Structures are given as C-alpha cells and as structure tokens.
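What you are looking at is a predicted structure, and each value in this text was computed from that prediction instead of being measured. Every chain is numbered from 1 and lettered A, B, ... according to where its sequence line falls, protein lines coming before strand lines.
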Amino acid sequence: MRLSYTKALNRALADALAEDPAVCVFGEDIGAGLAGPTLNLLDRFGPGRIVDTPLSEQAFTSMAIGAALTGRRPVIEFQIPSLLFLVFEQLVNQAHKFSLMTGGQAAVPLTCLVPGSGSRDGWAGQHSDHPYSLFAHAGVKTVVPATPTDAYGLLRSAIADPDPVVVFAPAAALPVRETVTWELAPIPLGTARIHRAGADVTVVAVGHLVHEALAVAEELAPEISVEVLDPRTLHPFDWPALAASLERTGRLVVVDDSNRSCGIAAEILATAAEEMRLLAPPRRVTRPDGTVLPFALPLDRALQPGRHQLRDAVRAVMK
Amino acid sequence: MTGLPDLGTPAGRYRMLRLIRGFEELALGLVRSGAITGGIHPYIGQEAVAVGVCSALRPQDRITSTHRGHGHVLAKGAAPDRLLAELLGRTGGLNRGRGGSMHAADFSLGILGANGMVGAGGAIAVGAAWSARQAGEDRVAVAFFGDGALNQGVLLESLNLAAMWRLPVLFVCENNGYATTLPAATAVAGSATGRAAAFGIPAAEVDGMDTEAVRAATAEAVARAAAGEGPGFLECRTYRFEGHHTMERLMKLRYRTPEEITDWRGHDPLPRAAALLPPGLAAQLDASVTEQLAAAREFALASEHPSPEGALDHLYADGLRPRAGAAGTAGAAGVSAAAGAAGPVGVTESAAGTGARA
C-alpha cells in the first residue's frame, strides 16, 4: 500500500472514530475536508461527531475542553499553525492545568492536530510558524511525526492519551509517501526512532527535517557516519534514546525548525551537555532568533534550517 | 451533615445562604490570621444568586464557576469542610490542596471548577452541554460569570455557539456592578441581556438579592434547556459587600462610596429569606450552621499539609513524571522521563510558585 502523510492522518481519525464513540472532531471546514485529514469523515460519521465550527477558535477550543472534561475525546483540527497562538490560553492555561489544579479529579483527553505547520512556501508571516517548542516548554505533550506511518501511529496514541496532546504535521512532510506492507498501529508517545544508524555523529532532526537529515547523512556517508534520530515526541522527550545514541557517537547536531532562542534544540543541547557523553561541543541548526518568515520564497527559505547548514554543522562537530 | 443540602425548601435555601455567609466569614478570618495564604474573593452579598440558581438544578446538572466561586461550589453540594481544607492547601481539600480558592472543583457533583480566568467557564459549560447531548443524557450546564466577563470575546463567542446549536446551557451573569474596580456602567456598552438577545437567547434581568426570584427564573430556563429549546441567559443584579479580594481591605480604595455599600447592605438576601420562614426557625438553622462550620474548621485545620515530594503529582493524568528542575541532582531522573519513573522534584513546595530552581 502506498500511503501519503495526509491519508495516514485521515485513516487515523477514521479508525479512532470507528473504534471509540467518544471520539469527535471539531474544526473549521472539516466537513468539506479542506485541509485533507478530515476528508469524507462527515459522510461516514455524521454532523454529530464531525462538527464544523464557526471561526471562533477560542470558544470551540474551550468547548472541546468542556467536552473532554465530561467524557468525550475531542480532536480539533487547526488549519493554520498560528491559530495556536490564539488558543494558547485554552490549551496551556486551561487544558494542561486541569489535572494538577483539580488534584487529579479531571483529565482532558484533547488532541489538537495542525496539518501544515511551518512554512507552506508562500503563505507569509502569519501562516508559517512552527510553534512546537512553545508547547513542549509549557509541558503540553507535543508530537511532530515525520513519516506517514508515524503520523498514523502517533495521532492514534495522541487521541487515546488522557492528557492534551498537540500534533504538528509539518507542511514539508505532507508530500511524503511511504510504501506500507505492515498493519498500521499506534506508536507510543515519548519514543524516539533511529532512522539511520551511524557511528560518528548523532543528528537529532525534528519533523520534516528528518528527511533533510537523511539526505545529508547519505551524502556525507563516504566521510562521516551519521546517525539520524527522530525524537517524534518533543514532550515527553525520549532522553534515554538520545543518551544511548551519544554513547555510540559522542557528537551531536540538532536540526530544528524553531526560532533559536529557547527552541527545542536549545533544550536538547543543554541536556546533552549536562548529562550525556559528548566528545565535542554540540551544534544546532535552527531558524534565527525571533523569526518572522518573509513572503518572498528565497527569503522564506533563507531563514529555515537547510541541508547546507546541516552539512556544515556535522563537519564542524567532527573537527 | 452529609448528602446534598435540601435546597428544595425555603428553609434549606435559607440555611445554604447562611452557610455560605458563615463560610466566607470563617475564611476571611483565616486569611487575616495568615492560615490561608494568597487571598480569596469573598462572595458575601451575592449568596442569593448561587443558592437561587443551584436550588433549581438537578443533581446531574453541571456548573462552571469563577474566581469568586465558594458560593457556587457550596450551593451545588460540595462539603464545606473539604472546601475549607482546599483553601488552606491541605490534603483533605477538594483538590488535595492543589487548586486553592480559585480552582475548587468537585467533579463527582458536576462542579467543573472555579476558574481564575474571567469568562473562561462560559465555553467550558457549552462543551459540557454539548457533551451531555451527544451522550443522550438529560443534563443542563450552567456557567456563572461576572459583569467583567461580558467583555471577554470568548464568552461572546460561546453565546453564539450555544445559540447556533441550541445547547442546554444557562448563562448566569452575576452583575455586582464592578469588574474589580471598574464600574460596569463605564465598561459595558448596551446591556448584558441585550447582548444575549442579539444571539437570539432568551434573557431576563433578575433581582440577584432575591433568592426566590433567581430560583424561579432559573427553573424556567432549565426547563426550556432540558426540553431542547436551547440556552438561556440571566443577568442577576447583585452586590459584593466586601472588596474584590482580601488584599483590598488593606488598601482603603475609594471606588465605591460607603453610602453605596450601606444602601446595598439594606438588600441583604439573608433577612429576606429568613422572613419567609416560621418564627424561630432561622435562629435554629443559624445554630446548626455554626456547628457545621466549627466542625469544618476543625477538620480543615487538622488535615495534613501535602508533602513537597508530591508537588508535581497529578500534573499528567497518565502519571507521567516530568524531569526535575535541576539536572544531576536527581540521579537518573533526568534521563528517565520517558520511562515514567518518579524522580525527586527539583523545586521545594514554597518555591514552586515562583518557578525557582532548587
């Protein structure tokens, strides 16, 4: 079976809806399936569970929290990553805090799916953010799948999880297709995946950048043996997997489509420096501090981590 | 003293008014003595709203409450001793001491929590109402909020959703005249009921100092909502006799005149409710409340302080333990997060609120 990333998300939603009557989906234009992952779900599951919402992100996110507090298992699709800024209050200050603040009385099994996070080549400043580090920092479970099978498996686990989870589906990963010969299955949150084993340098790549890292690893193979580690979940992060990889390589580069300051790459480098085996100072390749992506494509690209910078960073840690 | 207070009778409603009043007076004393840290937002003066509304609800109905939430939580049936223990941050509290005054909740009674963000409970109640309808359950959700919340966009959005989808939810605006210190007259264009009416929601203005009037208006709205006729909206005109919060007492603010406060005290809901009772009954009920609150105080003060090791308990519903705040001091905890191992917490309980690292 040839599986696209978007189709994998669609399958995960459909399977979760079919399996558990408590699962429902809220979002804008999801009846029509404009963004892809909800295509045909309205026909199959009806308007009682596939709820097309007015453009009231704060209210329908709060509403999903209220539904989650009372037995439903809602998924919200946000068409634009920057909409997450609009509902930061709802996700961080409400959904995330309910369990602790109520002394464990309440759980908020809410999944937020962002199909098309990061740059979409030409959608400019307010549609091109990649704010996964913000959620990891706030302590919200945060998932960034790189491949169709991971997208399926992690979205299934996110929906089954008793806590809020934000699932970022990077725009640049959406074109990825995979030949799948096995049964699709949930993948536990918090488990990293080694995409390519290597002996010299560990490259931690987030989301769509996994594919860039694999290309660079292949290219550098004659001179440097690169291990490509995809954390898949940024919070909780699979620190033991990183520690094990650095036991093998002792060198670290992180490639991360976040702004540099306080991005997830910063946390990975800091943790590695504090607790893990490093033979050379680690490096990161990120967006610049405080990036706003400009519209013109060469400018948009200039501010995102790319192969060229990754190659330089890998070579630098080998010196 | 166990079980739901019987709010179906005037005597039960009077007793609950008195219980809330007495609870708040007790809590104010404990704030002054320093036993309750932080502060509280006293409900004194507004009791008729909580009691009137909750007396018209069924046990299965749900509420969302506000920063000034003790009255709602008690009227919906929460145990005063456990609420007081929560205010004191004790393990016997409703939230095991993790929420305090502004987050008190009892999900077993349909109390989905007081909430520290103005207007936040509105759309959460809409979600609870939607959820009940999805599950085929006959439950109405009530959102309490103040006049300050009338200017929160999310609340106005939630009115639209509730009306569009004809959800069984009742919006209860407790208009006490002030958003902290800002008079509603200088903050709310048009009117509260006019805003609800704009969304096609039947809205009524009620004397929020009259328990029976609030009860009657609520009963009507709840019956409509339960019959599938959609949301309702009540604006209860009320007044808080105390400051916005307990810190205000020390500040001698002048945004309200002493005459205004005295005038509103003349509308105190308690004597009004007592007048409906046979002679002597109110005094008898007062005595039983005094006794109940003395026992609540004893229970709450005897309840244990939580141990600092548990400061991050319940952070995740699946028991995930996050890493400690300081690497290297917690042994393997720093690299065992994904395995779900419980490591020592890197902050002390007293420092936790400031995010200080150990």
A.B. asks: Atom NZ in A:Lys97, atom CG in B:Leu315: separation rounded to 0.5 Å?
C.D. replies: 11.0 Å
A.B. asks: Quick one: closest heavy-atom pair of B:Leu94 and A:Gln105, and the distance?
C.D. replies: O-NE2, 3.1 Å
A.B. asks: Which class fits the ring pair A:Phe98 and B:Phe107: parallel under 30°, tilted 30 to 60°, perpendicular over 60°?
C.D. replies: perpendicular
A.B. asks: List the atom of A:Arg72, the atom of B:Ser131, and the distance in Å for their closest heavy-atom pair.
C.D. replies: CG-OG, 3.2 Å
A.B. asks: Examine whether an atom of A:Glu57 lies under 4.5 Å from a heavy atom of chain B, and if so say whether it belongs to the side chain, the backbone or both; otherwise answer neither.
C.D. replies: backbone
A.B. asks: Based on non-hydrogen pairs under 4.5 Å, which of B:Ala105, B:Ala125, B:Gly127 is most in contact with chain A?
C.D. replies: B:Gly127
A.B. asks: Tell me, for B:Leu161 versus chain A, whether the close heavy atoms (under 4.5 Å) come from the side chain, the backbone, both or neither.
C.D. replies: side chain
A.B. asks: Can you find a side-chain donor-acceptor pair between A:Thr70 and B:Arg139 that sits under 3.5 Å?
C.D. replies: no
A.B. asks: Which heavy atom of A:Lys141 sits nearest to which heavy atom of B:Leu320, and what is that distance?
C.D. replies: CE-CD2, 4.0 Å
A.B. asks: Is there a side-chain contact between B:Trp130 and A:Cys24, using heavy atoms and a 4.5 Å cut-off?
C.D. replies: yes
A.B. asks: Which heavy atom in A:Gln94 sits nearest to a heavy atom in B:Ala120, and how many Å separate them?
C.D. replies: NE2-CB, 3.2 Å
A.B. asks: Report yes if some heavy atom in the side chain of B:Val154 is under 4.5 Å from a heavy atom in the side chain of A:Gln90; otherwise report no.
C.D. replies: yes
A.B. asks: Going from CG on B:Asn115 to CG on A:Asn93, what distance comes out if it is rounded to the nearest 0.5 angstrom?
C.D. replies: 8.0 Å
A.B. asks: Can you give me the closest heavy-atom contact between A:Ser62 and B:Ala123, atom names plus distance?
C.D. replies: CB-CB, 3.2 Å
A.B. asks: By a 4.5 Å heavy-atom criterion (distance strictly below it), what part of A:Val108 contacts chain B: side chain, backbone, both, or neither?
C.D. replies: neither
A.B. asks: Answer yes or no: is there a donor N or O on one side and an acceptor on the other, between the side chain of B:Tyr316 and the main chain of A:Gly139, under 3.5 Å?
C.D. replies: yes
A.B. asks: Measuring heavy-atom distances to chain A, does B:Asp313 have an atom under 4.5 Å in its side chain, in its backbone, in both, or in neither?
C.D. replies: backbone
A.B. asks: Based on non-hydrogen pairs under 4.5 Å, which of A:Gly48, A:Ala241, A:Ala107 is most in contact with chain B?
C.D. replies: A:Gly48
A.B. asks: Among A:Thr53, A:Leu69, A:Thr61, which residue forms the greatest number of heavy-atom pairs with chain B at distances under 4.5 Å?
C.D. replies: A:Leu69
A.B. asks: Would you give the length of the straight line joining atom CZ of B:Arg323 to atom CD of A:Glu267, rounded to the nearest 0.5 angstrom?
C.D. replies: 4.5 Å
A.B. asks: Within the side chain of A:Asp163, is there an N or O that forms a donor-acceptor pair under 3.5 Å with the backbone of B:Ala317?
C.D. replies: yes
A.B. asks: Taking every non-hydrogen pair under 4.5 Å, which of B:Glu157, B:Glu86, B:Arg96, B:His103 racks up the most with chain A?
C.D. replies: B:Glu157
A.B. asks: Among B:Gly153, B:Gly99, B:Ala128, B:Ala162, which residue forms the greatest number of heavy-atom pairs with chain A at distances under 4.5 Å?
C.D. replies: B:Ala128
A.B. asks: Heavy-atom distances under 4.5 Å only: say whether A:His235 touches chain B with side chain, backbone, both or neither.
C.D. replies: side chain
